[in-house]
Amino acid sequence: MVQRTRKIVWTSFARESRSSIFSYWNKRNKSDNYSKKLNILFQESLKQLTYFPESSIKSNNQNVRLKIASHFEIIYSISDTHIFVLDIWDTRQNPDNFPIK
């Protein structure tokens, strides 16, 4: 069986979400150590998705999936050659504000 890997593409919205998450934790902890650990967590989760893109939770929206990474959900969509990261959601937020309806 041939495994095909896909390229990770971050949307501008997802980049902003990731940046605001890092900024929040940097200010809260007065250090960037936790943000570095989160970045590694996100990268490892996405690396796993390049090999097994359908190994995560299906959402109600067609072709949108959710990958759980600690207290975060990586929201993404799949094409034949790419994985598009749409958003990163902190699951400790108000569920009414969840970006996928």
To the nearest 0.5 angstrom, please state how far the [atom1] atom of [X] sits from the [atom2] atom of [Y].
{"X": "T91", "Y": "L66", "atom1": "OG1", "atom2": "CG", "result": "11.0 Å"}
{"X": "L86", "Y": "I74", "atom1": "CG", "atom2": "CD1", "result": "11.5 Å"}
{"X": "I21", "Y": "W89", "atom1": "CD1", "atom2": "CH2", "result": "10.0 Å"}
{"X": "L46", "Y": "L41", "atom1": "CG", "atom2": "CG", "result": "9.5 Å"}
{"X": "I75", "Y": "I57", "atom1": "CD1", "atom2": "CD1", "result": "11.0 Å"}

Closest contact, heavy atoms only, [X] versus [Y]:
{"X": "N63", "Y": "I78", "result": "ND2-O, 2.7 Å"}
{"X": "D80", "Y": "R6", "result": "O-NE, 3.6 Å"}
{"X": "L49", "Y": "I83", "result": "O-CD1, 3.2 Å"}
{"X": "D87", "Y": "S17", "result": "OD1-OG, 2.6 Å"}

Query raised in the report: Can you tell me if R15 uses its side chain to pair, donor with acceptor, with the backbone of W10 under 3.5 Å?
Result: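 Answer holds: yes.
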Query raised in the report: So, does S59 use its side chain to make a donor-acceptor pair with the main chain of V64 at under 3.5 Å?
Result: yes
Query raised in the report: With sequence neighbours left out, which residue pairs that include part of residues 17-49 fulfil the ring pair (Phe, Tyr, Trp, His ring centres under 6.0 Å) condition?
Result: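 Every ring pair (Phe, Tyr, Trp, His ring centres under 6.0 Å) pair that includes a residue of residues 17-49, provided the two are not neighbours, is W25-Y34, F42-F72.
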Residues two or more places apart in sequence or in another chain: which of them pass side-chain hydrogen bond (donor to acceptor under 3.5 Å, both in side chains) with [X]?
{"X": "S45", "answer": "none"}
{"X": "E44", "answer": "none"}
{"X": "N39", "answer": "none"}
{"X": "S35", "answer": "N26"}

Query raised in the report: Quick one: ring pair (Phe, Tyr, Trp, His ring centres under 6.0 Å) partners of H71, sequence neighbours excluded?
Result: none
